[in-house]
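Within every chain, numbering begins at 1; the chains are lettered A, B, ... in the order of the sequence lines, protein sequences first and strands thereafter.
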Amino acid sequence: MSGSVEIASQVAPSWSVRTVMTRFGIAFALPLLLLLGGVMSPAFLSPGNLSNMLLQFAPLAIVAMGQCMVMIVRGLDLSVASMMATAAVIATGFSGADRDVASIVAMAMVVAMAAGLLNGFLVTKRQVSPFLATLATMILLQGFRFAYTQGAPSGNVPPFLRVLGSGKFHGVPYNALVLLLLAAVLGVVLHRSGFGRRIFIVGGNPVTGRLFGIRSDAVTIACYVISSCLAATAGLILSGYVGLVDNWVGQGYELDSIVACVVGRVSLRGGRGSILGALIGAAIIVILANEVLLLGIPIQAQLIIKGIVIVAAAAVYTRRDGS
Amino acid sequence: MTAIAARLTPPWWLRSNAGLIGVLVLIGAVSIVGATVSDRFLTLGNLLNVYEQTTDLALVSIGQTLTILSGGIDLSVGSLISLTSCLTSGLINGNPDRVLPVVAGVLALGTLVGMINAALVVALRVHPLIVTLGMGAILQGVTLLYALGPVGRVPRSFNVLAYGRIAGIPIGATVALTLCILIALLLRYLPLGRQIYALGDDANSARLVGLRRTRILMFVYGASGFCCAATGLYLAARFGVGQPYTGVNYTLASITPVVLGGTLLSGGRGGVIGTMFGAFLIALLNNLLNFMDVSKHYQLVAQAVIIILAVSIYVERRRME
């Protein structure tokens with residue numbers, strides 16, 4: 001039952017107060033959290049701090065959007081962090097001058113597509129559980145990365161990527177502009193295009209999808225490829241932010257992107273989620289992490305808070321759905 | 001028609017142990033390659049070494065098998081291992097008199113954390129994946145609050161757990177094997193064991209026939225927590241000191257032997273004996289790659305390829321059924 005209703009509500013969203021509240025109620029947590037931070041410390045709401053938070057927000061948000069699309073087709077992508085690190089290693093694999101940026105991006109995207117295709121192939125054609133398939137890809141990427149760098153990556157990040165990852169244009173980080181562009185494109189693709197509608201139908205119920213003549217497997221594979229490519233993009237950006245590269249750039253982003261999606265009301269069971277939700281979830285994580293620092297709580301407590309937030313958010317949503 | 005179907009279905013011993021046979025075939029294949037690579041590979045001494053190196057992975061994976069059989073998963077194992085290993089060396093701190101109470105306390109703590117996982121799954125009605133993911137983050141945070149670097153030390157006598165041998169037989173690995181056999185017997189012969197399979201196979205039917213989900217999950221996640229604590233103790237003994245990130249890789253690594261051993265990730269089918277062989281296979285593979293002088297980095301690639309091959313082949317079996 002819920003499957004078909006789900007599809008209907010996704011295709012033709014109603015904009016009554018109640019539906020908006022259930023779908024985007026979490027958005028109201030954002031101003032509250034910002035206000036809370038402002039009360040705790042005036043420095044929190046200073047333009048400098050806000051712009052820094054935006055800088056940290058972009059890579060996570062980019063990964064979370066990909067995770068969101070995979071989760072909508074009933075999947076999970078554990079390989080994103082490994083993909084990010086692999087892209088970062090690729091970023092330093094060339095001479096470190098700006099003329100190589102095109103090769104770096106091309107190389108990273110080729111690897112990302114291969115990883116995404118492998119994920120999608122295992123999940124659809126071999127019916128491996130997404131958890132396991134992406135876990136295998138994660139280890140595979142990690143192995144290739146270590147074999148390539150011999151455990152000790154070296155080389156420089158091209159200046160262009162550095163500016164992209166850490167530079168600001170009148171206080172607005174360049175990476176936030178990249179995020180804005182990607183979010184706009186993905187938002188349209190997921191919520192306003194025929195392809196996006198197919199994603200929701202396949203996620204809601206793959207069998208229904210097949211009956212409609214949708215090539216469920218192709219749609220699912222596409223989602224995994226998109227997720228890998230976004231992770232690679234975030235990895236390149238993050239390598240520019242960090243400036244130097246180790247084998248673990250992006251570590252923890254698989255957890256964080258899943259937390260962001262769950263908080264942003266993307267359903268683990270598939271068929272439900274939105275780009276906006278993923279962005280809001282990512283924003284909440286970044287703001288919370290920042291406030292933990294402001295409060296002078298030891299930084300380790302961030303992990304504890306993240307853990308509580310994900311369980312609490314999931315519990316609240318389950319209760320509300322009554323399932 | 002049923003007659004034809006009956007003739008086409010494989011005999012019972014193949015059907016119920018197909019996963020086990022798969023992992024044994026792989027072990028055989030690795031052994032044959034190993035024998036051609038080096039004369040020393042198939043000696044008793046080397047095999048006992050491999051057996052000893054199986055300990056940690058076997059211990060975690062036994063608990064993980066139970067949670068997966070029940071239709072769930074435990075992603076808090078890595079952090080729990082880190083926490084328990086830090087607490088072990090931190091609280092003992094070189095004092096032999098404290099060994100027994102601390103070991104008992106750590107095992108109890110692990111079990112308790114597992115039971116809290118189960119309680120949250122039941123009370124909040126949230127998928128175990130999310131609950132244990134959250135719990136893992138919380139435990140890692142707690143571990144780091146307790147210790148930011150290596151903490152405490154264990155007395156020499158405690159090392160027995162990791163390096164001790166009786167008549168050439170490694171103690172730690174034998175403890176793991178004993179635990180595995182006990183749990184295998186429980187799964188096979190006790191009502192609780194059958195109920196775990198029933199719950200994992202079809203949670204709805206299990207509810208309809210009146211199985212007590214809370215009790216089953218309490219046992220399953222409690223056992224997983226206990227196994228993590230045991231792994232934490234073992235690692236503290238092996239390194240002589242607890243480290244806050246010592247368990248981080250075990251969360252995902254613990255799933256590999258389970259899957260290699262033929263347990264379905266969707267639950268309800270498989271067993272711990274297969275897991276034990278799965279852990280042995282991984283240790284054997286790493287040992288072989290060491291013999292072949294393959295760098296540590298390619299060992300990861302080999303492991304991933306084995307996982308991908310194994311899960312792809314098992315799918316064929318699932319479709320056949």
What part of A:Leu118 gets within 4.5 angstrom of chain B, counting heavy atoms only: side chain, backbone, both, or neither? side chain
Contact leader toward chain B among A:Ala133, A:Gly252, A:Pro298, A:Ala136, where contacts are heavy-atom pairs under 4.5 Å: A:Ala136
Let me know if A:Leu76 has heavy atoms under 4.5 Å from chain B in its side chain, its backbone, both or neither. side chain
Applying a strict 4.5 Å limit to non-hydrogen atoms, the region of A:Leu268 in contact with chain B is side chain
In this structure, OH of B:Tyr298 is separated from CZ of A:Phe146 (nearest 0.5 Å) by 13.5 Å
State whether the number of non-hydrogen atoms from other residues, nucleotides or ligands found under 6.0 Å of A:Tyr148 atom OH is greater than 12. no
Does atom CZ (B:Phe277) have a neighbourhood of more than 12 heavy atoms from anything else shown, all under 6.0 Å? no
Taking the side chain as every heavy atom from C-beta outward, state whether B:Leu252 and A:Met138 have any atom pair closer than 4.5 Å. yes
Best-contacting candidate, B:Thr143, B:Ile306, B:Val126, against chain A by heavy atom pairs under 4.5 angstrom: B:Val126
Heavy-atom contact with chain A under 4.5 Å, split by part of B:Ile130: both
Please flag which part of B:Ala302 lies under 4.5 Å from any non-hydrogen atom of chain A: side chain, backbone, both or neither. neither
Roughly how far apart are A:Phe131 CZ and B:Ile68 CD1, rounded to 0.5 Å? 8.0 Å
Work out which heavy atom in A:Gly307 is nearest to a heavy atom in B:Ile138; give both atom names and the distance. CA-CG1, 3.8 Å
Check for a donor-acceptor pair, side chain of A:Gln300 on one end and backbone N or O of B:Leu144 on the other, with a separation under 3.5 Å. yes
Please output the residues of residues 81-89 of chain B in contact with chain A, using a heavy-atom cutoff of under 4.5 Å, in numerical order. none
Applying a strict 4.5 Å limit to non-hydrogen atoms, the region of B:Ile73 in contact with chain A is side chain
Quick one: what part of A:Leu140 sits under 4.5 Å from any heavy atom of chain B, side chain, backbone, both or neither? both
If you count heavy-atom pairs within less than 4.5 Å of chain A, which of B:Val142, B:Thr256, B:Val301 leads? B:Val301
Looking at every non-hydrogen atom in both residues, tell me the closest pair between B:Ala137 and A:Leu255 and how far apart they are. CB-CD2, 4.4 Å
If you define the side chain from C-beta out and look only at heavy atoms, does anything of B:Leu133 sit under 4.5 Å from A:Val311? no
Heavy-atom cut-off 4.5 Å, strictly under: side chain, backbone, both or neither for A:Ile308 against chain B? both
